[in-house]
Asks: 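Okay, here's the structure, questions in a sec.
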Amino acid sequence: MTPLRRNPGSGQQPSGHHSSGNANTGAGAGSSAPQHRPAPPVDGTGASMPSLGADIERAGFYPELVADVLDSVLDGREVSSHLVHVDTHFDYDEIHRHITVLALAGDIVAALHLDDHAMDDAGRQIMAQVSTEVVPVRRIDSVVATTMHPQPQNFRRGDPIAEVTLSVTWAGGQRLDLAPAACGDPECEADHGYTGTSTREDLVLRVAAEAEGQQAVDQALAFYRELRRATTDDTGARSGR
């Protein structure tokens with residue numbers, strides 16, 4: 001799996017990961033000992049929006065690990081906007097969760113994705129895989145938000161958005177879809193090589209109010225606006241040189 005090249009769906013359940021396991025993913029569940037958690041990075045948006053640290057805690061998916069890795073990635077930068085997204089999907093008798101964190105900090109965007117995997121059938125041994133990437137804002141080529149609006153004939157300005165899909169592309173990986181090439185002659189047996197398409201697919205996140213609540217959609221849109229503003233401001237600064 002290459003986690004930062006996924007197209008995750010929206011989560012359906014706010015709790016649970018591997019249903020067959022007993023791993024503790026919460027913040028100090030089942031322990032009365034004091035928690036000495038590394039201070040999660042926080043944003044500078046004030047009280048109007050939850051802080052990055054608060055959203056990581058609220059997600060409840062290995063918050064100490066996520067906060068510690070993100071602290072290292074940000075390297076002391078102040079976060080101006082962020083997005084925390086937990087994806088839940090079902091696989092036969094198991095429930096799998098993934099968390100993706102995006103943090104806009106000055107001239108960079110930090111991206112973190114965490115998966116966990118059961119190492120035994122009982123799910124008692126868990127291994128977490130964390131992928132991180134730091135992307136300079138100047139390298140971001142496109143920021144796209146696709147929104148869904150039920151009953152558009154009744155839409156009024158300011159009505160809530162039901163769903164948003166956020167796509168961010170930069171000079172990262174590409175997906176190649178190849179197939180044998182053919183000519184117009186149905187009896188031709190010559191080798192015509194291969195044909196295919198190359199698709200840029202760096203990051204795609206889908207957030208739905210029905211699954212994750214309206215606040216999650218609003219936060220995703222707020223992050224989109226801040227990231228769009230940062231990329232357009234950077235483009236204007238470069239063109240003005």
Asks: Find the distance between CZ (R139) and OG1 (T231) and round it off to the nearest 0.5 Å.
Replies: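 Reported to 0.5 Å precision, the distance equals 14.5 Å.
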Asks: Between I140 and V168, is any pair of side-chain heavy atoms under 4.5 Å apart?
Replies: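 They are in side-chain contact.
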Asks: Measure across A145 and V164 and return the closest heavy-atom pair with its distance rounded to 0.1 Å.
Replies: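 Closest approach of A145 to V164, heavy atoms only: CB-CG2, 4.1 Å.
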Asks: V207 and E212: which non-hydrogen atoms are nearest, and at how many Å?
Replies: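 Of all heavy-atom pairs spanning V207 and E212, the closest is CA-OE1, 3.6 Å.
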Asks: When you compare the side chain of L83 with that of L166, does any pair of heavy atoms fall below 4.5 Å?
Replies: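 A side-chain contact under 4.5 Å exists here.
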Asks: For R97 versus A59, what's the shortest heavy-atom pair and its separation?
Replies: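 Closest approach of R97 to A59: NH2-O, 3.5 Å.
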Asks: Between Q215 (side chain only) and A209 (backbone N and O only), is there a donor and an acceptor less than 3.5 Å apart?
Replies: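 Not confirmed, Q215 side chain does not pair with A209 backbone.
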Asks: How about L102 and L227: do any of their side-chain heavy atoms sit closer than 4.5 Å?
Replies: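 Of all side-chain heavy-atom pairs linking L227 with L102, none is under 4.5 Å.
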Asks: Indicate yes or no for a side-chain donor-acceptor contact from S131 to the backbone of H113 under 3.5 Å, with no hydrogens or angles considered.
Replies: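 Judged by distance alone, no pair lies under 3.5 Å.
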Asks: Which pair of heavy atoms, one from L74 and one from A105, lies closest together, and at what distance?
Replies: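 It is CD2-CB, 4.0 Å.
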Asks: Can you confirm whether V73 sits close enough to L112 that some side-chain heavy atom of one is under 4.5 Å from a side-chain heavy atom of the other?
Replies: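 The answer is no, as the side chains (C-beta and beyond) never meet within the 4.5 Å cut-off.
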Asks: Would you check if L221 and T147 make a side-chain contact, meaning some heavy-atom pair closer than 4.5 Å?
Replies: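 The answer is yes; the side chains approach within 4.5 Å.
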Asks: Please step through side chain to side chain contact (heavy atoms under 4.5 Å, CB included) for the pair E163 and V217, ending with a clear verdict.
Replies: CA-CA 6 Å; E163 180 181 312; V217 175; 5.8 Å; no
Asks: Taking atom OH of Y224 and atom OG of S81, what is their separation to the nearest 0.5 Å?
Replies: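 Reported value, rounded in 0.5 Å steps: 13.0 Å.
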Asks: Has the side chain of E57 got a donor or acceptor atom that lies under 3.5 Å from a matching backbone atom of G53?
Replies: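 It does not hold such a pair.
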Asks: When you compare the side chain of D233 with that of V137, does any pair of heavy atoms fall below 4.5 Å?
Replies: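 SC-SC contact between V137 and D233 ruled out.
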Asks: Within the 4.5 Å heavy-atom criterion, are L203 and W170 side-chain neighbours or not?
Replies: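 Contact flag for L203/W170 side chains = yes.
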Asks: Would you say that more than 12 heavy atoms from the other residues, nucleotides or ligands in this model lie under 6.0 Å from the CD of Q214, or not?
Replies: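 For Q214, atom CD is crowded (more than 12 foreign heavy atoms under 6.0 Å).
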Asks: Which distance, rounded to the nearest 0.5 Å, do you find between the CD1 of I126 and the CE of M119?
Replies: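 Rounded to the nearest 0.5 Å, the CD1-CE separation comes out at 9.0 Å.
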Asks: Would you confirm whether H85, through its side chain, and R206, through its main-chain N or O, come within 3.5 Å as a donor-acceptor pair?
Replies: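 A pair under 3.5 Å: yes.
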Asks: Can you name the closest pair of heavy atoms from A162 and P150 and give their distance?
Replies: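 It is CB-CD, 3.5 Å.
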Asks: For a side chain to side chain contact (heavy atoms under 4.5 Å, CB included) check, start with the C-alpha distance between T169 and V144, then their side-chain angles and the critical distance, and finish with the verdict.
Replies: CA-CA 9 Å; T169 60; V144 178; over 6 Å; no
Asks: Can you tell if the side chain of Y62 reaches within under 4.5 Å of the side chain of I99, non-hydrogen atoms only?
Replies: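 When only atoms from C-beta onward are counted, I99 and Y62 do not touch, as no gap falls below 4.5 Å.
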Asks: When you check the side-chain N and O atoms of T100 and H98, is any donor under 3.5 Å from an acceptor?
Replies: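 There is no such pair (donor and acceptor under 3.5 Å, judged by atom type) between the side chains of T100 and H98.
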Asks: Could you state the interatomic distance from CD (E189) to SG (C183), rounded to the nearest 0.5 Å?
Replies: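 Rounded to the nearest 0.5 Å, the CD-SG separation comes out at 10.5 Å.
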Asks: Measure the spacing between CG of L52 and CG of L104 and express it to the nearest 0.5 Å.
Replies: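 These two atoms lie 11.5 Å from each other.
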Asks: Could you go through D75 and V134, starting from their C-alpha distance and side-chain angles, then the distance that decides it, and tell me whether this counts as side chain to side chain contact (heavy atoms under 4.5 Å, CB included)?
Replies: CA-CA 11 Å; D75 195 24; V134 175; over 6 Å; no
